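To keep things clear, I will list the structure first and then write my remarks on it.
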Amino acid sequence: MSQNDLFGPIPREIGDLRRLKFLYLWSNKLSRSIPSEIGRLTNLIELGFSDNKLVGRIPASLGNLSSLNVLYLHGNQFSGSIPPSLGKLGNLKKLSLAKNDLFGPIPREIGNLSCLNVLYLDGNQFSGSIPPSLGKLGNLRNLSIAANNLSGPIPREIGDLRRLKFLYLWGNKLSGSIPSEIGRLTNLIELRLSDNTLSGSIPASIGSVANLNVLALGDNNFLGTLPPEINKIVHLSALDLSNNELQGQLPENICLGGLLQKFTVMNNHFIGHIPKSLRNCTSLVRVRLEGNKLTGNIKEAFGVYPQLNFMDLSRNYLHGQLSWKWGHCHNLTSLRILNNNISSEIPPIFGRMAQLQVLDLSANNLRGKIPRELGSLKLLLDLILNNSGITGDIPHQIGFLSRLEHLNLASNNLSGAIPSQLSLCTNFLSLNLSQNKIERSIPPEIRNVQFLRVLDLSQNLLTGRIPLALGKLRVLETLNISHNGLSSSIPQSFANLWALTFVDVSYNELEGPLPDVKAFKEAQFEVVQHNKGLCGNVTGLQKCNISTMSKKHNQHSRARILIIPVLSFLGFLVLSSFLIVLIIIGCHRRKIIIRESNALIGTNISDFLHILSFDGKILYERIVEATEGFDSKYYLGEGAYGVVYKADLLPKGQTVAVKKIPSSQEDETVDIVPFEREIEALQNVRHRNIVKLYEFCSHARHRFLVYDYVERGSLRTILNDDEKASEFGWDKRINIVRAVADALSYMHHDCFPPLIHRDLTSNTILLDADYEARISDFGTARLLRPDSTNWTAAAGTIGYIAPELAYTNIPTEKCDVYSFGVIVLEIIMGKHPGDYVSLVFSSTQSESQTPLKDVLDQRLLPPTNRHAQNVLSTAALALACLRTNPQLRPTMTQVSRELRVQAPPVLPFFGVTLEQLRDLDGRNF
């Protein structure tokens with residue numbers, strides 16, 4: 001009765017079929033538990049209940065079926081532990097409990113099943129160690145206990161399974177080294193130990209397993225060189241050594257048997273030449289050598305591979321020329337050779353790789369032009385040639401690549417015009433032609449690329465108007481046309497770009513009003529600066545003159561034509577005078593701050609005084625009045641060096657936050673340096689996720705700074721409040737992580753000089769009414785000027801300080817990266833991670849280690865679907881930020897970029913092992 005649509009429970013009456021020998025109910029929709037009456041079928045030889053929806057515990061009464069040869073219960077939802085009574089089934093030959101929800105240790109009684117030749121326990125949640133008693137299963141051919149939570153070492157008794165052909169232990173938490181006894185398994189065909197925490201060197205005895213067809217040791221912590229004996233294994237079809245700490249040279253005879261199909265050794269420290277046996281290894285299907293230190297001439301290392309579909313040689317030290325032989329690899333779908341020392345032209349024969357979908361030759365020393373023959377690659381999705389030294393025009397044949405999604409030709413020496421034929425690539429998602437010498441205008445045909453999300457044409461020689469057609473790109477998210485010679489006004493059709501989140505039009509000849517769209521409304525001055533005459537509501541940019549705007553609608557009005565130049569001249573005089581005053585104020589700012597006699601207000605260039613319509617002295621009096629002399633009932637919280645109050649400034653109703661710094665009259669030991677440092681850090685900072693400093697004041701009685709009021713207070717306050725935290729959902733939390741990453745990226749890489757915070761905690765991150773994050777409290781911040789060599793004592797808060805500050809007082813931006821990693825874990829765990837970080841990064845992980853899935857904030861429902869993937873990816877990035885070695889941490893720009901894509905990050909690049917990721921696995925949420 002298998003493979004039907006039977007549903008409901010298995011009836012208890014089935015136990016009355018005393019003479020039954022074969023019972024098959026697999027691949028139905030049966031539910032509930034197996035009735036204990038099944039134990040009365042003592043004549044049963046084969047029992048198959050696999051691939052149903054059965055739940056509950058496996059009944060102990062199955063141990064009564066002494067005649068049973070086959071027991072298949074895989075593909076259900078059984079829970080609980082394996083009943084030890086199964087150890088009484090002395091005639092059992094095949095046992096499969098795979099793909100259930102079983103947990104607890106594997107009972108040692110399994111070792112009593114002396115007739116067993118197949119044992120499948122994979123895809124459960126078994127914990128504890130592998131019982132040495134399994135070594136008594138002398139007839140075992142197939143053993144799979146993969147994808148569980150098993151820990152501890154591989155028992156030496158495993159070497160007693162002399163008839164074993166398939167051993168799958170991957171996807172656990174096994175530690176220690178591979179026992180040398182593994183060499184006694186001379187019948188072994190497949191050995192899969194990947195995705196554990198195994199360490200030490202690979203034993204020389206592995207060479208005795210000469211019949212191996214698959215050897216998978218990737219994603220562990222193996223180190224040292226490969227034993228020479230590995231060259232004895234000449235029949236391999238798949239070798240995976242990826243993501244370890246192995247070094248030395250690759251095995252020379254790896255394809256001596258001519259069977260090798262998959263060769264994966266990425267992200268190790270291998271040196272030397274690529275094995276010569278690979279040159280004529282025509283069986284190759286997939287090769288991954290990226291992330292090593294391999295050398296040699298690439299042209300001499302490889303031959304023609306008729307079955308090859310994937311090749312990645314990135315991030316090595318290979319040199320020489322690209323061979324014409326690649327053009328004869330007709331099944332190749334992905335060829336990545338980025339970041340090497342290749343010095344040649346791109347062979348035109350590359351256009352014959354008809355199946356190619358990804359071609360990445362970036363960051364090399366290529367020369368010559370892009371061959372027009374690449375236009376024949378009809379299946380190409382990604383063409384990445386940035387930073388390669390290529391010259392000439394962009395061939396219009398690129399427009400024939402109708403499936404192309406990503407084209408990156410940035411940072412080359414390309415010239416000529418943007419070919420209008422690129423608009424035929426209607427599947428474009430990103431187009432980057434920046435940092436070249438491309439001339440003429442932006443072709444209006446680009447409007448046909450309706451799915452374009454990223455367009456970067458910056459740092460070229462483009463001229464003319466911005467085409468109205470750009471306003472048709474309704475899903476465009478990033479637009480950078482800065483550092484060109486574009487003129488006239490920005491088309492008002494840009495108001496249709498509702499998806500636009502980042503725009504940069506700086507360093508052009510543009511004029512007129514900014515479009516009425518969010519990206520421009522929230523833009524910083526840096527992205528619109530150095531133009532001919534842009535106006536709008538961006539701080540630092542002149543307001544749009546109504547007369548000037550009306551002129552554009554009535555060019556026949558002679559009166560306005562005469563008035564406008566006069567107004568412009570008068571405006572110039574006023575603006576010039578205002579700038580002179582600002583320069584004077586700026587030159588004397590430090591003197592203003594440190595005076596203690598009268599009430600003095602330092603102007604941080606903003607619209608604040610404009611809004612309140614009173615001078616500095618009145619502002620001081622209004623703040624003291626609004627807080628009733630800084631009464632405790634207006635208390636909001638405390639920063640690193642001051643108390644924060646709420647002030648409602650009447651009559652305008654402007655609510656601000658005021659950080660009061662102790663004055664010398666209140667505290668003789670007061671340090672004015674943090675006060676000055678916060679002003680220095682924030683006076684030119686413009687970012688939506690950094691708290692806005694309006695004004696500062698130094699007075700004999702009071703010294704304070706005036707900020708934008710952020711309604712919800714600190715992140716820590718919300719996480720410490722159960723009611724508030726329960727409303728603080730996964731989507732809001734991930735958005736806050738992204739916002740903080742964006743702000744830090746701006747501070748570290750877009751400010752000049754760069755700015756580091758030095759005391760980033762959950763208490764210095766504020767949330768507004770919409771849960772938008774603002775970084776605050778810059779009293780310990782430092783500007784990283786080129787001559788900054790003298791540092792004071794280390795700043796920071798215990799629990800967030802980067803470990804390197806224990807032995808050096810010289811902070812870098814990587815200290816902020818570490819603090820960010822702590823905060824990310826705090827956000828998704830609902831509390832400070834404490835020792836969790838050290839447990840994840842411990843070299844010998846114990847059974848007591850708690851995976852992230854078990855410590856997620858329990859006040860929320862577990863994340864599912866998209867939220868689960870986002871939490872998983874975010875946690876993985878947090879681990880990358882928490883690496884002990886600051887050089888291994890990513891930059892905040894890299895983190896910000898990864899958080900904005902809807903895919904897991906490239907973890908090896910960020911230094912996160914798959915073992916650490918597996919503990920975060922979103923599928924287990």
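Given the structure is predicted, the values throughout are model-derived calculations rather than measurements.
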Inset, instruction - Kindly indicate, with the supporting measurements, whether the criterion side-chain contact (heavy atoms from CB on, under 4.5 Å) is fulfilled by H748 and D816. - result: CA-CA 9 Å; H748 292 176; D816 281 354; 3.0 Å; yes

Legend entry - Distance in Å, L191 CG paired with L169 CG, rounded so as to fall on 0.5 Å steps: 7.5 Å

Inset, instruction - Give a yes or no on whether the backbone of L73 and the side-chain of N100 come within a donor-acceptor separation of less than 3.5 Å. - result: yes

Inset, instruction - Determine whether the side chains of H235 and N211 contain a donor N or O and an acceptor N or O closer than 3.5 Å. - result: no

Legend entry - Check: L150 and L174 side chains under 4.5 Å, non-hydrogen atoms: yes

Legend entry - Test log, rule salt bridge (Lys or Arg N to Asp or Glu O under 4.0 Å), inputs D160 and R184: CA-CA 7 Å; D160 296 331; R184 293 156 58 183; 2.7 Å; yes

Legend entry - Q887 backbone acceptor or donor facing N885 side chain under 3.5 Å: yes

Inset, instruction - For the residue pair S199 and N221, confirm or rule out a side-chain donor-acceptor distance under 3.5 Å. - result: no

Inset, instruction - Could you please spell out the steps behind the salt bridge (Lys or Arg N to Asp or Glu O under 4.0 Å) verdict for R315 and E290? - result: CA-CA 6 Å; R315 302 192 306 280; E290 73 267 24; 5.4 Å; no

Legend entry - Pair S237-N213, side-chain donor/acceptor within less than 3.5 Å: yes

Legend entry - Spacing of Q307 atom CD and T282 atom OG1 [to the nearest 0.5 Å]: 7.0 Å

Legend entry - Inter-residue atom distance I823.CD1 - I828.CD1, 0.5 Å rounding: 12.5 Å

Inset, instruction - Could you tell me whether K276 and E300 make a salt bridge, using a distance below 4.0 angstrom between a side-chain N and a carboxylate O? - result: no

Inset, instruction - Answer yes or no: does atom CZ of R162 have more than 12 heavy-atom neighbours from other residues, nucleotides or ligands under 6.0 Å? - result: yes

Legend entry - Derivation of the side-chain contact (heavy atoms from CB on, under 4.5 Å) call for L359 and I384: CA-CA 6 Å; L359 177 61; I384 315 296; over 6 Å; no

Inset, instruction - Could you tell me whether the side chain of L193 reaches within less than 4.5 Å of the side chain of I178, counting heavy atoms only? - result: yes

Legend entry - Whether T264 side chain and D240 backbone form a donor-acceptor pair below 3.5 Å: no

Legend entry - Nearest heavy-atom neighbours spanning L236 and L215: CD2-N, 3.9 Å

Legend entry - Listed partners of H74 passing ring-ring contact (aromatic ring centres under 6.0 Å, His included), at least two apart: Y72

Legend entry - Side chains of N231 and E252 in contact at under 4.5 Å (non-hydrogen atoms): yes

Legend entry - Atom pair OG1/NZ of T197 and K173 - distance to nearest 0.5 Å: 9.0 Å

Inset, instruction - Tell me, with the steps shown, if N172 and N149 meet side-chain contact (heavy atoms from CB on, under 4.5 Å). - result: CA-CA 5 Å; N172 283 286; N149 294 314; 5.5 Å; no

Inset, instruction - Scan residues 206-282 for pairs that pass disulfide bond (SG atoms under 2.5 Å apart), counting only residues two or more places apart or in two chains. - result: C255-C281

Inset, instruction - List the steps and the verdict of side-chain contact (heavy atoms from CB on, under 4.5 Å) for N117 and K94. - result: CA-CA 6 Å; N117 55 55; K94 297 180 180 181; 3.9 Å; yes

Inset, instruction - Output yes when a side-chain donor or acceptor of R141 lies under 3.5 Å from a complementary backbone atom of N139, and no otherwise. - result: yes

Inset, instruction - Go through the steps to decide whether N267 and N243 satisfy the test side chain to side chain donor-acceptor pair (under 3.5 Å), and finish with yes or no. - result: CA-CA 5 Å; N267 299 319; N243 301 310; 3.0 Å; yes

Legend entry - Audit row: Y800, H832, ring pair (Phe, Tyr, Trp, His ring centres under 6.0 Å) steps and yes/no: CA-CA 9 Å; Y800 299 87; H832 190 279; 5.0 Å; yes

Inset, instruction - Side-chain contact test, heavy atoms from C-beta onward, threshold under 4.5 Å: evaluate it for I189 versus V214 and give yes or no. - result: no

Inset, instruction - Could you tell me whether the side chain of L250 reaches within less than 4.5 Å of the side chain of I274, counting heavy atoms only? - result: no

Legend entry - Non-hydrogen atoms of N124 and N148 that approach each other most closely: C-OD1, 2.7 Å

Legend entry - T891 side-chain N/O to Q894 backbone N/O, donor-acceptor pair under 3.5 Å: yes

Inset, instruction - Using the test side chain to side chain donor-acceptor pair (under 3.5 Å), find all partners of H269 that sit at least two apart in sequence or belong to another chain. - result: E245

Legend entry - Heavy-atom pair of closest approach, residues V358 and R336: CG1-CG, 4.2 Å

Inset, instruction - State whether the number of non-hydrogen atoms from other residues, nucleotides or ligands found under 6.0 Å of K99 atom NZ is greater than 12. - result: no

Legend entry - Note, M311 side chain near L332 side chain (heavy atom, < 4.5 Å): yes

Legend entry - Where I182 and P203 come nearest, the two heavy atoms and their spacing: CG2-CG, 4.5 Å

Legend entry - Student check: side-chain heavy atoms of N339 and S314 closer than 4.5 Å: no

Legend entry - Donor-acceptor pair, side chain of S388 and main chain of L361, under 3.5 angstrom: yes

Inset, instruction - Ignoring hydrogens and angles, tell me if any N or O in the side chain of K299 forms a donor-acceptor pair with the backbone of Q321 under 3.5 Å. - result: no

Inset, instruction - Give a yes or no answer on whether the side chain of Y168 reaches the backbone of F166 with a donor-acceptor pair at less than 3.5 Å. - result: no

Inset, instruction - Measure from the side-chain N and O atoms of N364 to the backbone N and O of N340, and report whether any donor-acceptor pair falls under 3.5 Å. - result: yes

Inset, instruction - Determine whether more than 12 heavy atoms belonging to other residues, nucleotides or ligands lie under 6.0 Å from atom NZ of K325. - result: yes

Legend entry - Separation of L223 CG from S177 OG (nearest 0.5 Å): 10.5 Å

Inset, instruction - Answer yes or no: is there a side-chain heavy-atom contact under 4.5 Å between M892 and F820? - result: yes

Inset, instruction - I would like to know whether N142 and Y120 meet side chain to side chain donor-acceptor pair (under 3.5 Å); could you show each step before the answer? - result: CA-CA 8 Å; N142 297 2; Y120 295 145; 3.0 Å; yes

Inset, instruction - Can you see which heavy atom on L877 is nearest to which on E898, and at what distance? - result: CD1-CB, 3.9 Å

Inset, instruction - For residues N244 and L241, report the shortest heavy-atom separation together with the two atoms involved. - result: ND2-O, 3.1 Å

Inset, instruction - Hey, could you give me the CH2/CG distance between W170 and L217, rounded to the nearest 0.5 Å? - result: 15.0 Å

Inset, instruction - Look only at the side chain of N112 and the backbone of I110, and say whether a donor-acceptor pair between them is shorter than 3.5 Å. - result: no

Inset, instruction - Return yes when atom NZ of K136 has more than 12 non-hydrogen atoms of other residues, nucleotides or ligands closer than 6.0 Å, and no otherwise. - result: yes

